[in-house]
Amino acid sequence: MAAWITVYLQQPAPELNPTSIQAGIDAADWWTLGEQLDLEEDEVDEFLDGLQWQAKPLELGAEGQRPLQFHVKTEAEAVRGEIAELDELDELEIPAVVREHLRSTSTIVAIEFGIGQLETMFEAVAFEIGYWLAEASCGVILGPNDQWYDHGAHRWEPITD
């Protein structure tokens with residue numbers, strides 16, 4: 001089963017390739033993020049050393065692990081369809097500020113990973129990519145916990161208003 005971090009962007013996404021994404025998340029403090037997951041520094045180092053990028057299709061993985069997979073939608077009809085589907089999800093609450101943001105969304109980047117990778121460094125990396133995209137292209141993030149985040153005030157705490 002899959003878990004998703006989906007970023008709803010008001011501006012076009014930066015070029016998505018291994019080099020641009022690595023540069024975008026280069027400032028992340030992986031060891032602090034690992035601490036939050038109860039990982040030791042050497043475990044974080046081992047994880048980071050084992051990451052492997054694939055350019056086409058764009059994926060980030062480690063040997064024996066399901067990769068992070070990227071799905072990008074830019075066609076207006078597909079973007080509108082994805083946003084309309086959000087209203088059909090009974091358990092998903094969409095705060096007013098997010099609903100307003102979605103009206104101007106032009107690009108959706110969905111990052112797919114395994115449900116077993118929740119609360120691991122894979123999820124931390126996916127969120128850091130999401131935060132980078134949100135900051136670079138005016139976006140909001142829907143996390144796998146059905147909570148909304150942005151790159152500013154709600155980077156660590158969900159948007160609730």
Side-chain angles (χ1 to χ4, degrees), residues 1-28 33 36-37 51-62 65-161:
M1 210 165 150
W4 298 85
I5 291 176
T6 307
V7 191
Y8 298 84
L9 306 172
Q10 291 181 331
Q11 300 168 0
E15 182 178 347
L16 294 178
N17 60 52
T19 302
S20 67
I21 294 172
Q22 286 177 21
I25 63 173
D26 190 43
L33 292 168
Q36 294 172 352
L37 297 167
L51 289 177
Q52 302 166 354
W53 282 98
Q54 177 178 307
K56 293 195 188 253
L58 182 59
E59 294 181 344
L60 174 62
Q65 296 282 325
R66 179 178 178 162
L68 298 178
Q69 298 174 313
F70 297 81
H71 307 272
V72 180
K73 293 190 178 178
T74 57
E75 293 181 15
E77 188 173 321
V79 169
R80 293 290 138 227
E82 288 289 320
I83 291 170
E85 286 181 16
L86 294 173
D87 286 325
E88 297 172 12
L89 302 173
D90 294 331
E91 69 281 353
L92 181 66
E93 292 191 30
I94 304 175
V97 67
V98 172
R99 196 170 289 283
E100 182 64 31
H101 176 92
L102 293 173
R103 287 188 183 102
S104 300
T105 295
S106 65
T107 303
I108 298 173
V109 178
I111 305 168
E112 177 185 359
F113 55 103
I115 199 127
Q117 293 167 313
L118 288 169
E119 298 181 17
T120 71
M121 285 302 292
F122 276 102
E123 182 180 12
V125 170
F127 258 111
E128 287 303 307
I129 294 168
Y131 287 133
W132 165 64
L133 289 169
E135 183 175 18
S137 299
C138 192
V140 294
I141 301 163
L142 178 59
N145 58 358
D146 290 336
Q147 297 290 316
W148 294 92
Y149 303 87
D150 63 27
H151 67 282
H154 303 98
R155 184 174 175 108
W156 305 113
E157 295 295 322
I159 299 169
T160 56
D161 52 345

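By convention here, the first residue in the shown sequence is residue 1.
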Student: Can a donor-acceptor pair be found, under 3.5 Å and without considering hydrogens, that links the side chain of E123 to the backbone of E119?
Tutor: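 Judged by distance alone, yes, a pair lies under 3.5 Å.
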Student: Evaluate the side-chain proximity of F113 to I5: yes if any heavy-atom separation is below 4.5 Å, no if none is.
Tutor: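 In short, these two side chains touch, coming nearer than 4.5 Å.
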Student: Hey, what's the ring geometry for Y131 with Y149, parallel, tilted or perpendicular (30° and 60° as the breaks)?
Tutor: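 Ring orientation, 0 to 90° scale: perpendicular.
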Student: For D90 and L92, run side chain to side chain contact (heavy atoms under 4.5 Å, CB included): C-alpha distance rounded to whole Å, both residues' side-chain angles, the deciding distance at 0.1 Å, then the answer.
Tutor: CA-CA 6 Å; D90 294 331; L92 181 66; over 6 Å; no
Student: Strictly distance-based, threshold 3.5 Å: is any side-chain N or O of W132 a donor or acceptor partner for the main-chain N or O of A23?
Tutor: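 A pair under 3.5 Å: no.
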Student: Could you tell me whether a side-chain N or O of S104 sits under 3.5 Å from a main-chain N or O of Q10, the two making a donor and an acceptor?
Tutor: no
Student: With a 4.5 Å heavy-atom cut-off, do L58 and I21 have their side chains touching?
Tutor: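 They are in contact (side-chain heavy atoms under 4.5 Å apart), so the answer is yes.
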Student: Given 3.5 Å as the limit, does a donor-acceptor pair link the side chain of H101 with the main chain of Y8, or not?
Tutor: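 Pair found, side chain donor or acceptor close to backbone of Y8.
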Student: Strictly distance-based, threshold 3.5 Å: is any side-chain N or O of S137 a donor or acceptor partner for the main-chain N or O of P12?
Tutor: yes
Student: Yes or no on side chain to side chain contact (heavy atoms under 4.5 Å, CB included) for V7 and I129, after CA distance, side-chain angles and deciding distance?
Tutor: CA-CA 9 Å; V7 191; I129 294 168; over 6 Å; no
Student: R80 vs E77, test: salt bridge (Lys or Arg N to Asp or Glu O under 4.0 Å). Steps then yes/no.
Tutor: CA-CA 5 Å; R80 293 290 138 227; E77 188 173 321; over 6 Å; no
Student: Step through the shown structure and confirm whether more than 12 heavy atoms of other residues, nucleotides or ligands are within 6.0 Å of CD on E85.
Tutor: yes
Student: So, E82 side chain and I108 main chain: donor-acceptor pair closer than 3.5 Å or not?
Tutor: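 The answer is no, because no donor-acceptor pair under 3.5 Å joins these two groups.
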Student: Please indicate whether E93 has more than 12 foreign heavy atoms, meaning atoms of other residues, nucleotides or ligands, lying under 6.0 Å from its CD.
Tutor: no
Student: Let's go through N17 and E15 carefully: what are the C-alpha distance in whole Å and the side-chain angles of both, what is the deciding distance for side-chain hydrogen bond (donor to acceptor under 3.5 Å, both in side chains) to 0.1 Å, and is it a yes or a no?
Tutor: CA-CA 6 Å; N17 60 52; E15 182 178 347; 2.9 Å; yes
